[in-house]
Each structure stands twice: as C-alpha cells, then as structure tokens.
Novice: 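One structure, as structure tokens, below. Some questions next.
Labels below follow one simple rule: chain letters A, B, ... track the order of the sequence lines, proteins then strands, and each chain is numbered from 1.
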Protein chains: 2
Amino acid sequence: MVTLTDIKDKLTEANLKITHQRLVIYEALLKCMNHPTAEYIYDKIKEDNPSVSLGTVHKTLDKFVEVDLAKKVLSTDHLKRFDANISKHNHIYLENSKEIIDYHDEELQQIILDYLKKKKLNNIKIKDVQLQINADKIDKKLSVSIK
Amino acid sequence: MVTLTDIKDKLTEANLKITHQRLVIYEALLKCMNHPTAEYIYDKIKEDNPSVSLGTVHKTLDKFVEVDLAKKVLSTDHLKRFDANISKHNHIYLENSKEIIDYHDEELQQIILDYLKKKKLNNIKIKDVQLQINADKIDKKLSVSIK
DNA sequence: CTCGCTGCAAACAGTTTGCATCCGC
DNA sequence: GCGGATGCAAACTGTTTGCAGCGAG
C-alpha cells in the first residue's frame, strides 16, 4: 500500500514541492480504480477542495507520469486516462460495459517477457509489456433476457 | 490481401453505399501502416481528392469500425487512431519515436489465449487479446551521441 | 425518385498555454 | 525571498453535429 509519507518522499525525490493539490489529486487517483480522466478527478475533489482548478489537475497528472507516480492508460476514445497503479499489470477492456479493469498476473507477464526475450527483436529495447484483453462482461441477469 | 472488390462487397453487405470517398479513404487507410488519425488520412488523400472534407473522413472511419472494415487502436495521446488490419496482431509502442508498429506473432497469441483459458476468468467472455509492447527504438547513430 | 452520404461551418469537449499571483522551502 | 506551483481565462486541437444539397442504387 502507498502511504502519504511514500508520496511525499517520491515528490521530494523528484524535486517536486509538496503541495496540498498534489496530495489531494494523488489520493483521488489512488481511490479511482476506473482509470480516470483529469476531468473525473477534478469532479471528485472539488467538493472538498473547491479552489483546485481543472488546469492544475491536468498539469499535475502529467507531472505524476513524468515522475513515475502514475501511468498513462491506453484507450480508444480520445481521452487521456491515468492510473496510480504503476506496478506491471494488464487491462481488461469490457466492451459492452465500457469499463477498463485491472488484471494482475505475474506469471503471465513472465511468460510473455521470456518468450519475447527468446525472439530477440531487433533495434528495439523492450521496457515493459501489457496485455489488452478485450472481452464482454457476462451479466447473469442480463444474459437471460438476451437471446 | 484485401481487394477493391472485397471492400465493395463488405460495404454492400453492411447496407452501405459504395462511394468514391469511402474507397479512397479505405485505400489510404490500407497504405498507412502507422495507425493514422482522421486528419492524417485527410492530408494524404486531399492532394488527389481536394473536395473530400475532414468531417466525412471522421464519419467514414467510424462507419468502417462499425462494419468491421477497420479497428480502433489504443493510444495514450488523446487522438483516435485507426487500423485497416483487422487480423489479430500486437502493437509495439515506441516511446522515443512516438511510432506504433505492428507485431504479428501467431504463436504468442496462442500461448496467451491458452494460458487465459486455463485460468478461467469469471463473468468475462474473452473476445481477443492484444499485446502492448512498450519499447524504445534503438537508433544506431543516435546511441553514440547519447551517454 | 429516394434515402443515405457528403461538404460545410458552427458547436463542442478536452487539453494546453500564458501570465499574474501565491506559497513551499 | 526565490523559483516553482497554482488559478484563471483564453487559445487550440481534434471531434461531433446539423443541415442543405448531391448522387448511388
């Protein structure tokens, strides 16, 4: 688990000042498991912090990515999505429900990396791999009514 | 390989009229191996077809996705990218050069699918998987000057 | 002839930028 | 007090929408 002190340390380490906004934004990002956009985060925090501006949320999230406190998530819409979980993991794109959920699987990651290592791709230095699993959510109640 | 007749058939099959614009746009999409945006396609075709409008390119590409003539490609920028190659394949995201290139590997696809089948993920019906390989391009000339 | 497709332009949404002010260190 | 961070608003970029006219079937 990431603690407040961890975040503060990370920020300091990256020569970033510790500000209220950054802590609030990071906290919100950690809580959101849905790979939020800047706007989503903004909506979440503005109840308790009305003074935080949308522009700052954008700038802050970009900074977090720069400093490895967050990652950008791939998406097919034209929105920038973020993820506080920087550990290696995969994403399941549920097409019917439009959700993007995490799928952790160390073993699978290793299998893929080992396979690619054997292949020796030329002129490319692999940094990490991420699996995109496209699927449909099976809703038990729903599946009855759909033929 | 996809021929002109194939496209026409596909269009007819989906109850779409065969228009000059659609053929031109599809041809351009096939030629672009870089997973182009609507704007990129627009630039490519407007030399020979000055009358085609950007709005139409957007609408047409969306239609193609609807009809399975094209696929949306995931990206971290906030752009919609398309791909005429609807066969199952993986993408290598070259972070330093901002390119997205294809990586075909039937064997790897199979390994992953087999692995996931064994896992039996609940409440999810997997449609396909796609590997995102994040990497840096190694430019021989460049690597000398960078320490 | 009809209905779907296109071109155009205006509207929209999300992101970025510039700058004066603020505040962590 | 200095320099980076913030808030605000305006500018930008890419996408979507609405509608009149066009053209494939």
Novice: If we only count heavy atoms from C-beta on, is the Lys71(A) to Gln130(A) side-chain gap below 4.5 Å?
Specialist: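 Yes, at least one pair of side-chain atoms sits under 4.5 Å.
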
Novice: Would a single hydrophobic cluster contain both Val57(B) and Val73(B), if residues Ile, Leu, Val, Met, Phe, Trp and Tyr are joined by side-chain heavy-atom contacts under 4.5 Å?
Specialist: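 Not linked; separate clusters.
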
Novice: Flag yes if Ile92(A) and Leu74(A) sit in one hydrophobic cluster, no otherwise; membership is Ile, Leu, Val, Met, Phe, Trp, Tyr, and two members link when side-chain heavy atoms are under 4.5 Å apart.
Specialist: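 Different hydrophobic clusters.
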
Novice: Within a strict 4.5 Å, meaning less than it, do heavy atoms of the Leu116(B) and Val129(B) side chains meet?
Specialist: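 Yes, their side chains come closer than 4.5 Å.
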
Novice: Check residues 30-38 of chain A and write down every donor-acceptor pair under 3.5 Å in which the side-chain atom is one partner and the other belongs to a residue at least two apart or another chain.
Specialist:
unit_1   : atom_1 : unit_2    : atom_2 : d
His35(A) : ND1    : Met33(A)  : O      : 3.4
His35(A) : ND1    : Ile100(A) : O      : 3.0
His35(A) : NE2    : Asp83(A)  : OD2    : 3.4
His35(A) : NE2    : His91(A)  : NE2    : 3.1
His35(A) : NE2    : Asp102(A) : OD1    : 2.9
Thr37(A) : OG1    : Tyr40(A)  : N      : 3.2

Novice: Which pairs count as salt bridge (charged side-chain N to carboxylate O under 4.0 Å, His left out) when at least one residue sits in residues 4-25 of chain B, sequence neighbours excluded?
Specialist: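 Of all non-adjacent pairs touching residues 4-25 of chain B, none passes salt bridge (charged side-chain N to carboxylate O under 4.0 Å, His left out).
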
Novice: If the helix axis at each end comes from five base pairs, how far does the helix from dC1(C)-dG25(D) to dC25(C)-dG1(D) deviate from straight, to 10°?
Specialist: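 Nearest ten degrees gives 40° for this helix.
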
Novice: Using a 4.0 Å cut-off on heavy atoms, which residues in residues 11-27 of chain A reach DNA chain C? List them by number, or say none.
Specialist: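 Under 4.0 Å from DNA chain C: Lys17(A), Ile18(A).
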
Novice: Among residues 31-38 of chain A, which contact DNA chain C at a heavy-atom distance under 4.0 Å?
Specialist: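 Per residue number, the list is empty: none.
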
Novice: Take atom NE2 of His78(B) and atom C1' of dT13(D), then tell me their distance rounded to the nearest Å.
Specialist: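 Atom NE2 in His78(B) sits about 7 Å away from atom C1' in dT13(D).
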
Novice: Side chains of Thr12(B) and Ile18(B): closer than 4.5 Å at any heavy-atom pair?
Specialist: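 Yes. Closest side-chain heavy atoms under 4.5 Å.
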
Novice: I'd like to check Leu11(A) versus Thr19(A) (side-chain heavy atoms, cut-off strictly below 4.5 Å). Are they in contact?
Specialist: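 They are not in contact (no side-chain heavy atoms under 4.5 Å apart), so the answer is no.
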
Novice: Going 5' to 3' along DNA chain C, which nucleotides are the first and last within contact of chain B (any atom under 4.0 Å from a heavy atom)?
Specialist: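 On DNA chain C, the outermost contacted nucleotides are dC3(C) to dT15(C).
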
Novice: Got a sec, which residues hit salt bridge (charged side-chain N to carboxylate O under 4.0 Å, His left out) with Asp62(A), two or more places apart in sequence or on another chain?
Specialist: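 Asp62(A) satisfies salt bridge (charged side-chain N to carboxylate O under 4.0 Å, His left out) with Lys80(A) only.
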
Novice: Are Gln132(A) and Asn90(B) linked by a side-chain donor-acceptor pair shorter than 3.5 Å?
Specialist: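 Side chains of Gln132(A) and Asn90(B): no pair found under 3.5 Å.
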
Novice: Using a 4.0 Å cut-off on heavy atoms, which residues in residues 41-65 of chain A reach DNA chain D? List them by number, or say none.
Specialist: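 Close to the strand are Ser51(A), Val52(A), Ser53(A), Thr56(A), Lys59(A), Thr60(A).
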
Novice: Who are the side chain to side chain contact (heavy atoms under 4.5 Å, CB included) partners of Glu66(B), not counting sequence neighbours?
Specialist: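 With neighbours one apart ignored, the set is Lys63(B).
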
Novice: Mind checking side chain to side chain contact (heavy atoms under 4.5 Å, CB included) for Ser87(A) and listing every partner two or more places apart, or none if nothing turns up?
Specialist: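 Residues passing side chain to side chain contact (heavy atoms under 4.5 Å, CB included) with Ser87(A): Asn85(A), His89(A), His104(A).
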
Novice: According to the salt bridge (charged side-chain N to carboxylate O under 4.0 Å, His left out) rule, which pairs have a member within residues 44-54 of chain A, sequence neighbours left out?
Specialist: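 Listed by first then second residue: Asp43(A)-Lys46(A).
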
Novice: So Leu121(B) and Tyr103(A), do their side chains get closer than 4.5 Å, heavy atoms only?
Specialist: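 Side-chain contact under 4.5 Å: yes.
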
Novice: Hey, could you give me each pair passing ring-ring contact (aromatic ring centres under 6.0 Å, His included) that has a residue in residues 57-88 of chain B? Not counting sequence neighbours.
Specialist: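 Matches after skipping sequence neighbours: Tyr26(B)-Phe64(B).
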
